[in-house]
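This report concerns only the one structure given below.
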Amino acid sequence: MVLDDLGSSLRGTLDTLQGKSRLSEEDVEEIIKEIQRSLLSADVDVSLVMELSDSIETRALEEEPPAGTTARDHVLKIVYEELVELVGDSTELPLEPQTILLAGLQGSGKTTSAAKMAWWFSKKGLRPAVIQTDTFRPGAYDQAKQMCERAEVDFYGDPDAEDPVQIARDGMEATADADVHIVDTAGRHALEDDLIAEIEEIESAVDPDRSLLVLDAAIGQGATEQASRFESAIGIDGVVITKLDGTAKGGGALAAVNETGSSIAFLGTGETVQDVERFEPSGFISRLLGMGDLKQLSERVERAMAETGEEEDDWDPEDLLDGNFTLKDMQKQMAAMNRMGPLDQVMDMIPGMGGGVMDQLPDDAMDVTQNRMREFEVVMDSMTDEELENPRIVGQSRVERIVRGSGIEAETVRELLEQHRMMERTLDQFQGMGDGDMQRMMKKLQQGDGGGGLGGMMGGGNGPF
């Protein structure tokens, strides 16, 4: 995730305050040094770094922590509030008819972002259309068309036309029935004058309600010049930061936001059309500091469950607490989890599970877990309906048959059966509970007790997670 190293180092620094009730000047000085070091290594502009660190230092030394608040929690609150202030508000994007113009250099991810944004608007109940005007880059038309087909949204482009401004006009007319028009423009390898002139003409032709600048998270401090030129040409209302699933530092994108006086609209977090998030500053910084993001997690869960339910109309997740928990139910759960996105992103959204917990896991822990889940899916695909409905009948001879059919080792088959038994026992404990009992059980699960809880799943040795 963007600025991930920043989050890790900040959490480590704040942990040195554990057990302290008061802050000394030396404590504050050490924290400020670490914040400056972390932000500068993340490519955040020096002036922004100094402004932020000065604000944190002043507040940490002058503000009295509320009664009962530890020094660590007090500083964490200050850092959280100042970082939220740094990244600013989210770009206003009302769920109503509008035209959005995308600008940016070649390779910034405009075409992919156009399809992702269209997919996002479609999930909000609007009918979007993407208009591809890039006649400069070979393959731009085909890429945009394929991405829009995957997103299941309307698309307009003309691979034989040479005038991008005319394509934009024709596209607006051809997709007049759409609620949201997203106009993708050509990029160049640098801020060439003809690029600026072309996008100014397109802007005049489509009269967008808002213009968004698309920036690769790895852009570094060169983002400032980009932002300034595009701001002068067409005015920038928001920024889309792409490729946050890699090792990009992301600080340059924050500098661009500051340069244009705008805000962040979307985050691109992966390669598929579903890998997009509406930027929410509080949740973004909360995840960065290891505090989770329940709003984004809830949205992903609801979307995943809705999509799973569309494929299996006879399956309702709430039924898990009413009857027997089968391997078919486990299949549906895993399908929903897969639709929520990469496991490490989901973990970052769970309070108490991202941040510090993720820092302690091996670097390949999430990859190992995803691979094991895929192996489980292959094993279940090789089982009969009878075995999926009643896993207890799977003995040695059936395990051997499943191994031959799936190509997966017998040990993995047995791990799947054991994981199912653990989850079944956990669900049995939930049945018939009152609210108070439920809260106590959730606390036990988070602590890793009870066999089938989150603690055991993530590294207790009893399961794949």
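In what follows, every heavy atom counts, from backbone to side chain, and hydrogens, waters and symmetry copies are set aside.
With contacts defined as side-chain heavy-atom distances shorter than 4.5 Å, the pair P208/E203 qualifies. Looking at E277 and F266, their side chains never come closer than 4.5 Å, going by heavy atoms from C-beta outward. Side-chain contact between I402 and V379 is present, with at least one heavy-atom pair separated by less than 4.5 Å. Counting heavy atoms from C-beta outward, Q132 and V183 have side chains that stay 4.5 Å or more apart. With a 4.5 Å cut-off on side-chain heavy atoms, E409 and V403 do not count as touching. A 4.5 Å side-chain heavy-atom check between I100 and L102 finds at least one atom pair inside the cut-off. L416 is not listed as a side-chain neighbour of E375, based on a closest heavy-atom distance of 4.5 Å or more. In this structure, the side chains of E96 and L126 stay at 4.5 Å or more apart for every pair of heavy atoms.
Salt-bridge annotation for K33 and E30: absent, with no side-chain N of the basic residue lying under 4.0 Å from a carboxylate O of the acidic one. Ion pairing between a basic and an acidic side chain is recognised when a charged N comes within 4.0 Å of a carboxylate O; D385 and K328 show such pairing. Between K145 and D142 there is no salt bridge, since no side-chain N of the basic residue sits under 4.0 Å from a carboxylate O of the acidic one.
Remark: the backbone N or O of I408 is not paired with any side-chain donor or acceptor of T412 at under 3.5 angstrom. Using a distance-only test at 3.5 Å, with no hydrogens or angles considered, no donor-acceptor pair links the side chain of T135 to the main chain of P164. Although no hydrogens or angles enter the test, the distance criterion places a donor-acceptor pair under 3.5 Å between the side chain of E387 and the main chain of T384. Side-chain atoms of Q98 come within 3.5 Å of backbone N or O of P94 as a donor-acceptor pair. R169 contributes no side-chain N or O that, together with a main-chain N or O of A205, makes up a donor-acceptor pair within less than 3.5 Å. Here the side chain of K116 pairs a donor or acceptor atom with the backbone of D275 at under 3.5 angstrom. Side chain of S55 to main chain of E51: a donor-acceptor pair is present (N/O by atom type, distance under 3.5 Å, no hydrogens or angles). The backbone N or O of L215 lies less than 3.5 Å from a partner atom in the side chain of T242, making a donor-acceptor pair. Side-chain atoms of D209 come within 3.5 Å of backbone N or O of T99 as a donor-acceptor pair. Formation of a donor-acceptor pair under 3.5 Å by the T112 side chain with backbone atoms of G109 is not found in this model.
Closest non-hydrogen pair, V153 versus P128, comes out as CG1-CG, 3.8 Å. Here the closest non-hydrogen pair linking D89 and F279 is O-CE2, 4.4 Å. The shortest heavy-atom contact between C148 and A115 is N-CB, 4.3 Å. Of all heavy-atom pairs spanning S113 and V214, the tightest one is OG-CG1, 3.9 Å. Closest approach of E198 and A186 over heavy atoms only: OE2-CB, 3.5 Å. For G187 against D134, the heavy-atom pair with the smallest separation is N-OD2, 4.3 Å.
To the nearest 0.5 Å, atoms OG (S228) and CD1 (I236) are separated by 10.5 Å. From R372, atom CZ reaches atom CD of E377 across 13.0 Å, with rounding to the nearest 0.5 Å. Atom CE of M383 is separated from atom CD of E389 by 11.0 Å, given to the nearest 0.5 angstrom. Expressed to the nearest 0.5 Å, how far CG of L101 lies from CG of D207 amounts to 10.5 Å. Distance check, rounded to the nearest 0.5 Å: CE of M117 to CG of D184 gives 10.0 Å. I234 CD1 to E201 CD: the interatomic distance, rounded to the nearest 0.5 Å, is 13.0 Å.
In the model, S122 has no side-chain atom that pairs as donor or acceptor with a side-chain atom of R127 under 3.5 Å. Defined by atom type and a distance below 3.5 Å, a donor-acceptor pair is present between the side-chain atoms of T91 and S263. Side-chain atoms of S382 and R404 include no donor-acceptor pair closer than 3.5 Å.
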Go through R374 and V378 one step at a time and tell me if the side chain to side chain contact (heavy atoms under 4.5 Å, CB included) criterion holds. CA-CA 6 Å; R374 282 192 286 269; V378 173; 5.8 Å; no

For Q106 and F136: C-alpha separation, side-chain torsions, deciding distance, then whether side chain to side chain contact (heavy atoms under 4.5 Å, CB included) applies. CA-CA 10 Å; Q106 186 168 319; F136 179 78; 3.6 Å; yes

Please report the C-alpha distance between I32 and I56 in whole Å, then the side-chain angles of each, then the deciding distance to 0.1 Å, and finally whether the side chain to side chain contact (heavy atoms under 4.5 Å, CB included) criterion is met. CA-CA 8 Å; I32 295 304; I56 293 174; 3.8 Å; yes

Assess the residue pair R229 and E231 against the criterion (side chain to side chain contact (heavy atoms under 4.5 Å, CB included)); give the C-alpha distance rounded to whole Å, side-chain angles, the decisive distance to 0.1 Å, and a yes or no. CA-CA 5 Å; R229 288 289 302 277; E231 168 68 14; over 6 Å; no

Applying salt bridge (Lys or Arg N to Asp or Glu O under 4.0 Å), run through R210 and E92 and close with a yes or a no. CA-CA 9 Å; R210 48 193 50 83; E92 183 181 358; 5.3 Å; no

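Shown here is E63, whose CD atom has more than 12 heavy atoms of other residues, nucleotides or ligands within 6.0 Å. Taking a 6.0 Å sphere around CG of D381, one finds it holds more than 12 heavy atoms contributed by other residues, nucleotides or ligands.
Among L93, L95, D179, the single residue meeting the side chain to side chain contact (heavy atoms under 4.5 Å, CB included) criterion with K124 is L95.
The aromatic ring centres of Y156 and Y141 sit 6.0 Å or more apart.
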